[in-house]
There are 2 protein chains.
Amino acid sequence: MPAARPRQADATPTPRKATPRPRARPAAAPAGGVPFVQAVDASFLESLLGYNARRAALAVIDVFLQRMAAYGLRPVDFSVLSLVVHNPGITSRQLCTTLGILPPNLVNLVASLQERGLIDRLPHPRDGRATGLHPTAAATKLMQKAERTAADLEADVAARLAPGEVATLLRLLRKLYAGD
Amino acid sequence: MPAARPRQADATPTPRKATPRPRARPAAAPAGGVPFVQAVDASFLESLLGYNARRAALAVIDVFLQRMAAYGLRPVDFSVLSLVVHNPGITSRQLCTTLGILPPNLVNLVASLQERGLIDRLPHPRDGRATGLHPTAAATKLMQKAERTAADLEADVAARLAPGEVATLLRLLRKLYAGD
DNA sequence: TATTGTTATACTCTATAACTATA
DNA sequence: TATAGTTATAGAGTATAACAATA
């Protein structure tokens, strides 16, 4: 990464003027006037996988966010707790690798869950450098409900698709990021 | 949101102790000892659409980010410029609605593109409150190459899928966020 | 020497309130 | 009054460098 990308820099003073644009395919404008847009044409963007995958992810995650608020869990909290419940003794490093979180950014997240009484931290039995993360009884109970809610949400979203399309979609999505 | 999430606070002293966990399905640990994890089980998360859609989006966008760096364009810059090129005279409001960006966050973005000589701003011919955004010749030239690069990238990603699966994937993704 | 976990820090992204000019 | 654009600002999310303890 080259740095921060300056805001006010300059490089190009932007003199270029406002070429009257003689008759260059007006978007939705009259004859020779300044064109304006009535209906936005986003067809090119909509042809891109990244654009569509991001929009779909945001739509699903938005619903996820709303329903998990009842448990005081953001998506990342849910992900971490789910992994801890299903993998008692998992280390921070393993969480980071699995979820793509950087270690410094996991510290406060885990500390917060510990303060809420959802995670116990015990010395790792094989590696003195590491700390094992263990679900408390409260966490196990909470995640039973939360994962049920997630499954319900999944069913609701699946209702937008035809039977079998959910499995197809999951399979294709996994093929996209497999190996990353 | 309750605030900043305290660092060392306390609230719950986390006494809960380390329940020896008699024989409760050890993740990968021996008999009665503290369990630890050898291979992380992420099967539940991997069954969720949101999780997979997000990972796929991030994987694709990451490649996008790398290749567009050659043009000095982040994904959002590409999206904005693409819409401006295909919709000369589009307004900030129309960009925000199409891309899901909040107006205050578009201001510096557009200003930056204008400083780079890629966008001209002209008064809207029908609405005195609005400003039409127009591509400069440099922007048109740049986006011809950038959109070609995006199409190439699309083909590379599509190589991971069988013929026809890309169309299927796009169709299913759109069904997920349709109406949002 | 390499790795785990941590602190401090900085940059980016996203969100809200409030203001102006025009419709 | 409602909308387009803007400013200022706050809050998440994400990133790097550097350190202590252990492997």
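Chain A is the first sequence line, chain B the second, and so forth, proteins listed ahead of strands; every chain is numbered from 1.
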Check your understanding: Within this structure, what is the CG-to-P distance between A:N105 and C:dG5, rounded to whole angstrom?
Key -> 15 Å
Exercise for review: Mind checking side-chain hydrogen bond (donor to acceptor under 3.5 Å, both in side chains) for B:E147 and listing every partner two or more places apart, or none if nothing turns up?
Suggested key: B:S82, B:H86
Practice item. Please list, chain by chain and in numerical order, all residues satisfying salt bridge (charged side-chain N to carboxylate O under 4.0 Å, His left out) with A:R129, sequence neighbours excluded. Key: A:D127
**Study point:** Any pair counted as ring pair (Phe, Tyr, Trp, His ring centres under 6.0 Å), so long as it reaches residues 105-124 of chain A, sequence neighbours left out
**Key:** A:H124-B:F36
**Study point:** First encountered from the 5' end of DNA chain C, between A:V107 and A:R54
**Key:** A:V107
Point to revise | Nearest-Å distance for atom pair CG/P, residues A:L133 and C:dG5 | key: 8 Å
Review point. B:N108 has an atom CG; how far is it from atom P of D:dT7, in whole Å?
Key: 8 Å
Check your understanding: What is the distance, rounded to the nearest whole Å, between atom CD1 of B:I90 and atom C1' of D:dA4?
Key -> 14 Å
Exercise for review: Could you check which residues of residues 91-103 of chain A get a heavy atom under 4.0 Å from DNA chain C? Sort them by number, please.
Suggested key: A:T91, A:S92, A:R93, A:P103
Exercise for review: Check side-chain hydrogen bond (donor to acceptor under 3.5 Å, both in side chains) between A:N105 and all other residues, then give those that pass, not counting sequence neighbours.
Suggested key: none
Exercise for review: In whole angstrom, give the distance that lies between atom CD1 of A:I61 and atom P of C:dT14.
Suggested key: 12 Å
Review point. What pairs of residues pass the ring pair (Phe, Tyr, Trp, His ring centres under 6.0 Å) test when at least one of them lies in residues 49-78 of chain A, not counting sequence neighbours?
Key: A:F64-A:F78
Exercise for review: State, yes or no, whether a side-chain contact exists between B:Q114 and B:D120 at a heavy-atom distance under 4.5 Å.
Suggested key: no
**Study point:** Test side chain to side chain contact (heavy atoms under 4.5 Å, CB included) applied to B:E165 - qualifying residues, sequence neighbours left out
**Key:** A:R171, A:L172, A:K175, B:L161, B:A162
Check your understanding: B:R121 CZ to D:dA4 C1': how many Å, rounded?
Key -> 11 Å
Check your understanding: Hey, are the side chains of B:L169 and A:L176 touching, using non-hydrogen atoms and a 4.5 Å cut-off?
Key -> yes
Review point. Given atom CG of A:L65 and atom C1' of C:dA15, what is their separation to the nearest angstrom?
Key: 13 Å
Review point. Got a sec, which residues hit side chain to side chain contact (heavy atoms under 4.5 Å, CB included) with B:L58, two or more places apart in sequence or on another chain?
Key: B:R54
Study note, to complete from the structure: Rounded to whole Å, CG of B:L109 lies from P of D:dG5 at a distance of 14 Å
Point to revise | Nucleotide-resolved protein contact map, nucleotides 17-23 of chain C, B/S/- at heavy-atom distance under 4.0 Å | key: B----BS
